[in-house]
Amino acid sequence: PLPVIRKAKAAARFEDLAQGRTLVMGVLNVTPDSFSDGGNHSTADSAIAHGLRMFYGGADIIDVGGESTRPGADPVTPEEEQRRVLPVVAAMVKAGALVSIDTVNASTAAAALDAGALIVNDVSGQRVTAEMIELVSARKVPYILTHSRGDSQTMDSLAVYTDVVGEVVAELEELRGRFRAAGHADERLILDPGLGFAKAGAQNWELLRGLDRLTGLGHRVLVGASRKRFLGELLTTAGKAAAPIERDAATVAVTALSAGRGAWAVRVHDVGPNLDAVKVAARFSA
Ligand SMILES: Nc1nc2ncc(COP(=O)(O)O)nc2c(=O)[nH]1
């Protein structure tokens, strides 16, 4: 049966986002090689259909990305990235969704903002470009600052910490200083521990256990655990890690527990169950 198409929500604004609960950001990867959804949405039409399903399914934000960020992924040119994402951003904005653009390229972020995206979601971490800092500061747009080291080719080798929570916090504070110096407002800076980015298995769990250290910095915190390798490794049976699509229940558990610790939002593939989880979590702290 056709999914019940709810009346599109009024055009969403970042300031209106608060729902009295942790928000749900639906992942919309318009890439042929995204690990988590196997590139099911490599064409704009199928991506838009998937984005609409998530939006009408209640996602508060749709995160549109045109370049797979998984370790070892091949980089794409900004031109190719924009060819992939801009039609999808425009369609989701037209449907009334609040869109974040998942990119490391300032040129793609600018084009997506021009097409109506409201948030820049950049997983660059320490390799954030001066252009990106200048762009989001000049345009005064919300920016998700994700902790990472190196790039998709080198990040796994840089997952060496003596105190992963302390070092991630320190490195995020250092990066925050660069945004402050460019005049970007603290209330528009959202922090993200960057699970899986220059982190190996156990370090991801340490960061989740230490989430209070991140929320304690006074910014909104986004948690992106959905379907990631460290969940698959946890769910190993007969020596075989769980496949990405078998990690959704564990993702929902992380969602509930992160919401209980004050996460502003969670970035997930399977919107419905995670939306239920943040509603349940809100009852535990009401
Ligand atoms: N802010 C933020 N953005 C992200 N973008 C992509 C991925 C990689 O996961 P995917 O390949 O499933 O999109 N993870 C994050 C994340 O953890 N945080």
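We count ligands from 1, going down the list as the structure has it; atoms in each ligand are counted the same way. Each residue takes its place number in the sequence, starting with 1.
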Salt bridge or not between R21 and D60? Use side-chain N to carboxylate O under 4.0 Å.
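Yes, R21 and D60 are salt-bridged.
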
Between R267 and D192, does any side-chain N to carboxylate O distance fall below 4.0 Å?
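So R267 does not pair with D192 through a salt bridge.
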
Using a strict cut-off of 4.0 Å, indicate which atoms of ligand 1 neighbour a heavy atom of [X].
X	answer
L222	1 (N)
N121	1 (N), 2 (C), 3 (N)
T146	1 (N), 2 (C)
T69	6 (C), 7 (C), 8 (C)
I144	1 (N)
H269	12 (O)
G224	17 (O)

Look at atom 2 (C) of ligand 1 and find which of V268, D192, I119, V266 reaches it with the closest heavy atom.
D192

Taking only residues two or more places apart in sequence, or in another chain, which ones meet F230 in a ring pair (Phe, Tyr, Trp, His ring centres under 6.0 Å)?
W205

Is there a nitrogen or oxygen of [X] sitting under 3.5 Å from a nitrogen or oxygen of ligand 1?
X	result
N29	yes
D63	no
D102	yes

Is there side-chain contact between N274 and H269, with at least one heavy-atom pair below 4.5 Å?
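A side-chain contact under 4.5 Å is absent here.
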
Can you name the side-chain hydrogen bond (donor to acceptor under 3.5 Å, both in side chains) partners of D270, sequence neighbours left out?
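For D270 there are no side-chain hydrogen bond (donor to acceptor under 3.5 Å, both in side chains) partners, ignoring immediate neighbours.
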
Could you go through the salt bridge (Lys or Arg N to Asp or Glu O under 4.0 Å) check for D114 and R139 one step at a time?
CA-CA 11 Å; D114 292 344; R139 298 227 191 166; 2.8 Å; yes

Mind checking the CG-CG spacing from D102 to L28? Nearest 0.5 Å is all I need.
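Between D102 CG and L28 CG, I get 10.5 Å after rounding to 0.5 Å.
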
Could you check whether any heavy atom of R227 sits closer than 4.0 Å to an atom of ligand 1, since that is the contact criterion I want to use?
no

Determine yes or no for a side-chain-to-main-chain donor-acceptor pair under 3.5 angstrom, with T154 supplying the side chain and D151 the backbone.
yes

